[in-house]
Amino acid sequence: MTTPVHNLVKGTTRPPRSLRALVAGSVGNFIEWYEFGVYGYFATIIAANFFTPDGGSDVEALVKTYASFALAFFFRPIGAAVFGRLGDRMGRRPTLILVILLMTGATTLIGLLPTYATLGAAAPWLLTLLRIVQGLSAGGEFGGAVSIMTEFAPPGRRGLYGSWQSFTVALGLLAGAGMAALLATALTEPQLNDWGWRLPFLLTLPLGLAALWLRLKLEETPSFQRTRTHLPERAEGRPHAESTAPAPAPAAEVAKAIALGAGRLMGWSAAGYTFLVVMPSYLQSTLNASFQQALIATVLANLGFAASIIPAGVLSDRVGRRAVMVAGAVLVAVLAFPLMHVLQDSGSSTTTKGLAVFVAGAAVGLMAGPGPAMLSEMFPTSVRYTGLGLAYSLANAVFSGCAGLIITEAIKRTGNIDIPAHYVVVTCAVSTLALLSLRGDDHRRALRD
């Protein structure tokens, strides 16, 4: 039998379907997280342009910016339910095409939006509306992308294939941070505040068109096609003993799996956004770091995150999802306070601080690498898009989308600059308990139809 690598080298056939699915799923996810990263990295500039009425303080503006950030996340579960239902009934391919169109359009429009100074009070409302559209489309992205990656994955490699979803999260956040750092270096502060911040959002348009082209060439997954062939049997009402169609998953069982999945992702969601996205604003507003210093720290954290994701996914294919994800959650909780203290210590060298945030990012990657495959294994094909999308979006809505708002407001009210560490430790502790309920051999079982 000809191997996929042989096919690629000889050039006699197209790349294997699993590889095409991996690329098509990854590119949309990259765009989504590039945009969310850019919004987080430019939070202080967006606050000044859209959320600072006369007399308002910088802290109040930043809180309002993160409120808009959180609002978009709370629309992700709605998007996961709506697009997940479409994806489980109509197919992964057409749904993912619709999702990338919405995400690209909304993000491009943010780059063209008039500011508060030009449009007045309507500006923040329009920005929030576009954030809602992004939230809806982002909610539909994860379930579809992970479904096609894991449903096309060769046996014994779901952890590797699923980890590419998380890896493109890291790439998207790194690209956003890199773009922000480039603009901060190339432009003066007035130029960056005036029009430079728009450029990263406008860049989404050509990226989105490339993703659309890839998804138009995507095929439907074998798992979904099998469920379609069973539909006539269900419609005919054939007795269960004579039918080969899998029984529909009970609603209560699906709801329980969604809640459990969200709990298992809680630590990943909270720690990921705290260390990888909220960090720049925390360093600037609380520790008085410069914009450039904050971005460098964030880039290092994301590099650590990216470096551990795929190895963690591969390792989970060998030893199981539970062992790797529990190790990540415990490690993040143990490192949270030491990391904060290193960053707060004016005597710590730049190298020490850089190493600390790199290690913190790598610890989060231990949860993120096996996470997509773990979720995919929790649901049958008929509800996989909806189920894993809802579990992921609910965890992100509560523990990622609210991270910046909770941390900023809590520090403002209490004056305790260790709030990020408290937040991460509590969420990772709860997540560890949920992860311990995983079976040790789930990685060896076939996905349920």
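Bear in mind the structure is a predicted one, so any value in this text is a computation, not a measurement.
- For the pair T95 (side chain) and G91 (backbone), a donor-acceptor distance under 3.5 Å is present.
- Remark: side-chain polar atoms of Y273 are not paired, donor with acceptor, to backbone N or O of W268 under 3.5 angstrom.
- Evaluation of the salt bridge (charged side-chain N to carboxylate O under 4.0 Å, His left out) rule for R85 yields no partner, not counting sequence neighbours.
- In this structure, CZ in R322 is found 9.0 Å from CG in D441, a value given to the nearest 0.5 Å.
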For residues 302-313, tabulate all N or O donor-acceptor pairs below 3.5 Å that involve a side-chain atom, not counting sequence neighbours.
residue : atom : partner : partner atom : Å
N302    : ND2  : Y41     : OH           : 3.4
N302    : ND2  : L276    : O            : 3.4
N302    : ND2  : T298    : O            : 2.9
S308    : OG   : F305    : O            : 3.4
S308    : OG   : A362    : O            : 2.8

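- In this structure a side-chain-to-backbone donor-acceptor pair under 3.5 Å is missing from R264 to T432.
- A donor-acceptor pair under 3.5 Å is absent between the side-chain atoms of S26 and the main chain of V23, judged by distance alone.
- In terms of modelled atom types and a separation under 3.5 Å, the side chain of R92 and the main chain of G87 share a donor-acceptor contact.
- E219 has no carboxylate O lying under 4.0 Å from a charged side-chain N of R93, or vice versa, which leaves the two without a salt bridge.
- Applying the ring pair (Phe, Tyr, Trp, His ring centres under 6.0 Å) test to pairs two or more places apart or on separate chains, those with a residue in residues 132-156 are F142-Y392.
- In this structure, I97 CD1 and L218 CG are separated by 7.5 Å, a value rounded to the nearest 0.5 Å.
- How far OG of S147 is from CG of D88: 7.0 Å, rounded to the nearest 0.5 Å.
- Proximity of a side-chain donor or acceptor of N49 to a complementary backbone N or O of T115 within less than 3.5 Å is not detected.
- Classification of the F201-W197 ring pair by plane angle, with boundaries at 30° and 60°, yields perpendicular.
- With S376 contributing its side chain and P372 its backbone, the two residues share no donor-acceptor pair below 3.5 Å.
- Side chain of S137 to backbone of V133: a donor-acceptor contact under 3.5 angstrom is found.
- No donor-acceptor distance shorter than 3.5 angstrom exists from the side chain of S163 to the backbone of G369, with no hydrogens or angles considered.
- Defined by atom type and a distance below 3.5 Å, a donor-acceptor pair is present between the side-chain atoms of T107 and Q134.
- With hydrogens and angles left out, the side-chain atoms of T128 and R131 include no donor and acceptor closer than 3.5 Å.
- With hydrogens and angles ignored, the 3.5 Å screen pairs no side-chain donor or acceptor of R76 with any backbone N or O of A397.
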